[in-house]
Each structure stands twice: as structure tokens, then as C-alpha cells.
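Computed from a predicted structure; not experimentally measured.
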Amino acid sequence: MSVKANVISNYIGQISIAVLNFIFIPTYIKYIGVEAYGLVGMFAVLQIALNTFDGFVIPLISREMSCYIGGKKSLESLRNLLRTVEVICFIIGLIFVTIVIFSADFFANNWFVVEKLPKDIVADAIVIAVFVVALRALEDLYKGVLIGLQEQVSLNIINVLCSIVRFVGVIYALKYYEASIKTFYYWQLLSSILTTFTFIVFCYKKIPGMLRYARFRIEEVKSNLEFSVGSFSNAFATFINSQTDKIIISKLLPLSQVGYYTLSSSIVNVLVMIANPVIFAFYPKLITLRSQENHELASDNFHISSQIINLTCGVAVCSLIFYGKFIIGFWTQNPDLTSNIMPYVKLLSLGTLLYVNSCLNMLIPYIAGKPIVSARITIFGILLIFISTLPLIILFNGIGAAYGNIIQNLCILLAFPFCFNCYLKTEQKKWFFKDFFIPNLVIAILFYGSSWLNLVKDSTLKDVIICVFIAIAILGISSFACDKLRVKIRSFCHF
């Protein structure tokens, strides 16, 4: 499958899921309340925590699938590796579920600052949520398989169809059965069972002989031990880096305030949704090109992916900063909710722009087979949490966490030379100026200029449409600030 088809399908898939998510979030809050929505944020923390423990094998499976495409891996070895990873992930998931179940009462009674929700309901919700988390981790395993095989069109079709069941179905459950956080999670559990089963069936069809010939062979992981250890170290450090703010504020603030922070994080997560389709499409391609020692084409593909990410994410960030109160106000139809989340949205969106660029750069050591380098950079970010972010959270609560997020991601981003020293060493200055700095500077100047025109005045449909047209116009103009896209934009179908 071509990179172009994968990029387009990833964007369609991510946009579809993002639209479904954003359409229904205000409805979720309407039925379960902003306090219960704070628990949904903790559900995301649990999911990322489990993915951390799976993090030493899932990147490996994706990388080895790409090597198989490049002719560097046998089918027998591939089958055995997948079976081994499946068993490891199942055992990790079982241990994780057991620990969370036995600690659910502790968190319900001693950790969360609950105002209205009964504590027994909170404990039950945690128990149901951890089973959903375990299934989602298995989903991610099989998604990694399809990404490595460059079957991302199929992946996105499955993702979108299952997401429709997940997002639309829960509204009916909340409306016609019971408007509670437990109902919300029960439906997530049912939909996750369906999704996981679908991914298993599809992956097994793509890897012939899985049911008959696949065997557990720990040697398949041991032979890539350095890569696996590096992947786990980076996944663990990334979890600490990205989730510490949410964990701390869940202890210090009422769940209602955690709900506002969670909602803001969900909104700015659209930037990750914008970046991921490009990363997922180019990452296996870059691994294949490196295995074929085609370094010139690998460099070209890297810069194209970086410029696409900065162009699209930069426009999205500035849209939220300059026009967010109108767009989000129209979306929520709730002025109080909008005013409570906008300070977080502006700061977190800027921090997330830095974060997605860091994620792209820290894939370079993975491509080179040296994920320990990414882990060291992320560990540096953990030190920043204790030096700057943690004191800001203690002094200023949620808004301090948002400022800390910017400081932390900026410092991690500026460690990019260590990533490029692993591969594409001569490209780091070009990345910083031509891929990152210049496009975002042009976008910021254009948005600042458009705000002076005072074209948008309220949170009506008409004003939101104007915001969209402004964003599209700036997207088109800013594309000329990207040297690679200037050359490639008319021949996009060829890269």
C-alpha cells in the first residue's frame, strides 16, 4: 500500500473518529455530569499506563512487520513473534487488571476528591474501566501489526466502524437505560470486545498460518532485547512525562475541576489525531527505506512528514488560540463550560504542538534501532516535572499544570540533536528552521493579522464557518513556506 493511500486513509479515519468524539462529548457531560467526566480522564491515564507495560513489545512487533515487508524477516519468525507478544501482553494485562481491582476501593475513598458521586459508584466504575483498558491494549497490539504491514486503509475502516458503535451506542444506553458512569463504561466494555475480536480475525488473515503454526518463542523477543528494553524505557518515561499532571491534579482538585482539565485535554488531543496519521504512514516506510539503505529518500520522506505535521497542527493550534472561544462556544452551547476550559485549551494546545514534534523526532532512534536514546530524552523530561512542573501544579493547580506542560515539552523538543545523531545527522538544522520554525512563524503571523480584521464576533454557525474558511486560507498560503511541500504539493500522489 502506498504512503499516499495510508496518509489519506489515516486522515479520514482520524477525522471521522475525532468528529464522532467531539459531537458526543457535550452529550456525555449532559447525561453523566462534568464530575463523572473527570473519571473518564482517569480512564485514559489507566489505558496509557497499561500501554506503558506493553511498550517493550508493541513497537517491536510493528518494526518487525515492516522488516518483513522489506524482505528482512521470515513468515515463520513473524508468526512466532506475534504469538509470543500476544501471550506477554495477555499476562501483563491480567496482572494489571488484578492490581487495579484490589485497589479500586482505596482510590474511590482516599484519592479522588468526590463532591456528588457516591464512592461505591466510583469504585465500580474503576473496576469496569480496567477491563476496557485491557481490551484497548490488545487493540493497540493488533493496530501495531497492521501499521507495520502498511495495511492502514483496512485498519481505519475497522476503526471507524467500531467507533460508530462505541460513540453512538453509548448515547442510546445513557438515554434509554441509565444515565450513569457505570452505564458509560459497560458500553465501552461491550464495544471493546467487538473491536478486539474484529482486529484479531483480520490480523490472522493477513499472516497465514497463525492458528496452526504460530508458537510461543521467547527467543524472538530476546533476539531484539536491546530494542525491547529501549522501547519499554521510553514508554515508561513517556507515561510519567505525559500523565503526571493529570495524576497529581486528580489528587489535589475536585473531580469537577479534573473534568474541565480532561475536557481541555480531549480538545487539544485533536492535534495528536492530526499528527498520528502522518507518523503512522511514514514510520514503517522510513524503517523499510533504512533497511534498504536508501538514505536520500528516507531523508526526503522525513522532511515531508515533518512539514505536513507542522502545517496542519500549526493551523489547528492557532485556530484554538485566536478563535477557540467561538468554536468551542458553538460546540458546547454552554458559556460557563467554555469559559472554564478556554485557559487550559490555549496553553495545552501550544504544549501539544511541541509534543507532536518531539514525538516525530524521537521516532528517529527507533528507526535506527536505538530507542534507548528516546528513553533518555524522555527521562530528562521527568526531571523537568520535579524541577518546574510539579511546583507549578502545587502553587497554581490546573493552570500551573498547563504552563508546566509547555515548559516540559519545549525542553524535550530542544533535545532534538540527540535524536538526529542516531540517523539523518545532517538534517537537523534543516528540520528546525525549514520544517518547524518558519512554517509555524508564518502561520502565527497570518492568524494574528486575521484576528485584527474582527471577522468573527460570536459563537454562531456563521462565525464558525468563517473560522473554518480563515483556517483553510491560511493553510493554503502557509504551505508555500514549506520548501518540500512547495515542490511536492502538485505531485502528492507520487510520494
- prompt: Side chain of N405, backbone of A401: donor and acceptor closer than 3.5 Å?
  reply: no
- request: To the nearest 0.5 Å, tell me how far L289 CG sits from S299 OG.
  value: 11.0 Å
query: Does T196 use its side chain to pair, donor to acceptor, with the backbone of S192 at less than 3.5 Å?
result: yes
task: Check the angle between the aromatic planes of F447 and Y323 and answer parallel, tilted or perpendicular using the 30° and 60° thresholds.
output: tilted
field: Minimum heavy-atom distance V464-I327, with the two atoms named
entry: CG2-CA, 4.3 Å
Residue pair S450, F322: steps toward the side-chain contact (heavy atoms from CB on, under 4.5 Å) verdict: CA-CA 9 Å; S450 72; F322 289 96; 5.9 Å; no
- prompt: Counting N and O atoms only, with roles assigned by atom type, does the side chain of Q307 sit under 3.5 Å from a partner on the main chain of I304, one being a donor and the other an acceptor?
  reply: no
- request: For K430, look at atom NZ and say whether over 12 heavy atoms of other residues, nucleotides or ligands are found less than 6.0 Å away.
  value: yes
message: Using 0.5 Å steps for rounding, measure from the CG atom of D300 to the OG atom of S305.
response: 10.0 Å
Sub-4.5 Å side-chain heavy-atom contact between L337 and L263: yes
- prompt: Is there a donor-acceptor pair under 3.5 Å between the side chain of T460 and the backbone N or O of D463?
  reply: yes
- prompt: Quick check: does any side chain N or O of S306 sit under 3.5 Å from a backbone N or O of H303, one acting as donor and the other as acceptor?
  reply: no
message: If you compare all heavy atoms of K370 against all heavy atoms of C422, which two are closest, and at what distance to 0.1 Å?
response: CD-SG, 4.3 Å
- request: Report yes if the side chains of Q188 and V170 come closer than 4.5 Å at any heavy-atom pair, otherwise no.
  value: yes
query: CG/D483 to CZ/F433 distance, rounded to the nearest 0.5 angstrom?
result: 13.5 Å
- prompt: Between S478 (side chain) and L475 (backbone), is there a donor-acceptor pair under 3.5 Å?
  reply: no
task: Taking the side chain as every heavy atom from C-beta outward, state whether W431 and K434 have any atom pair closer than 4.5 Å.
output: no
- prompt: For atom CZ of F418, is the number of surrounding heavy atoms from other residues, nucleotides or ligands below 6.0 Å larger than 12?
  reply: no
- request: Establish, from distance only, whether the side-chain atoms of D435 and N310 form a donor-acceptor pair under 3.5 Å.
  value: no
message: Using a strict threshold of under 4.0 Å (side-chain N to carboxylate O), is an ion pair present between E296 and R290?
response: no
query: Where do T338 and K325 come nearest, in terms of heavy atoms and distance?
result: CG2-O, 3.9 Å
message: Would you say that E427 contacts F302 through its side chain, given a criterion of any heavy-atom pair below 4.5 Å between the two side chains?
response: no
- prompt: Shortest non-hydrogen contact from G351 to N409?
  reply: O-ND2, 3.4 Å
- prompt: Should F202 and K206 count as side-chain neighbours, where that means a heavy-atom distance under 4.5 Å?
  reply: yes
query: Should V456 and I470 count as side-chain neighbours, where that means a heavy-atom distance under 4.5 Å?
result: yes
Derivation of the side-chain contact (heavy atoms from CB on, under 4.5 Å) call for L354 and F436: CA-CA 10 Å; L354 301 173; F436 172 71; 4.1 Å; yes
query: Which value, rounded to the nearest 0.5 Å, describes the distance between I438 atom CD1 and I443 atom CD1?
result: 12.0 Å
Heavy-atom donor-acceptor pair, N269 side chain to V272 backbone, under 3.5 Å: no
- request: Decide side-chain contact (heavy atoms from CB on, under 4.5 Å) for F416 and M362; before the verdict, give the C-alpha distance in whole Å, the side-chain angles of both, and the deciding distance to 0.1 Å.
  value: CA-CA 8 Å; F416 69 90; M362 285 198 286; over 6 Å; no
message: Out of the candidates L311, I309, V315, only one should pair with C313 under the side-chain contact (heavy atoms from CB on, under 4.5 Å) rule; please name it.
response: I309
message: How close do Y344 and I399 get, counting heavy atoms only, and between which atoms?
response: CE2-N, 3.5 Å
- prompt: About how many Å separate CZ of F420 and CZ of F432, when rounded to the nearest 0.5 Å?
  reply: 11.0 Å
task: Check step by step if side-chain contact (heavy atoms from CB on, under 4.5 Å) holds for V165 and W187.
output: CA-CA 9 Å; V165 174; W187 186 264; 4.2 Å; yes
Student check: side-chain heavy atoms of K143 and L146 closer than 4.5 Å: no
message: Measuring only between side-chain heavy atoms, which start at C-beta, is L446 closer than 4.5 Å to V442?
response: yes
task: Could you grab the distance from atom CG of L286 to atom CG of L297, nearest 0.5 Å is fine?
output: 8.5 Å
- prompt: What is the minimum heavy-atom distance between T312 and I274, and which atoms define it?
  reply: OG1-CG2, 3.1 Å
task: May I ask you to decide if Y260's main-chain N or O and S264's side chain share a donor-acceptor pair within less than 3.5 Å?
output: yes
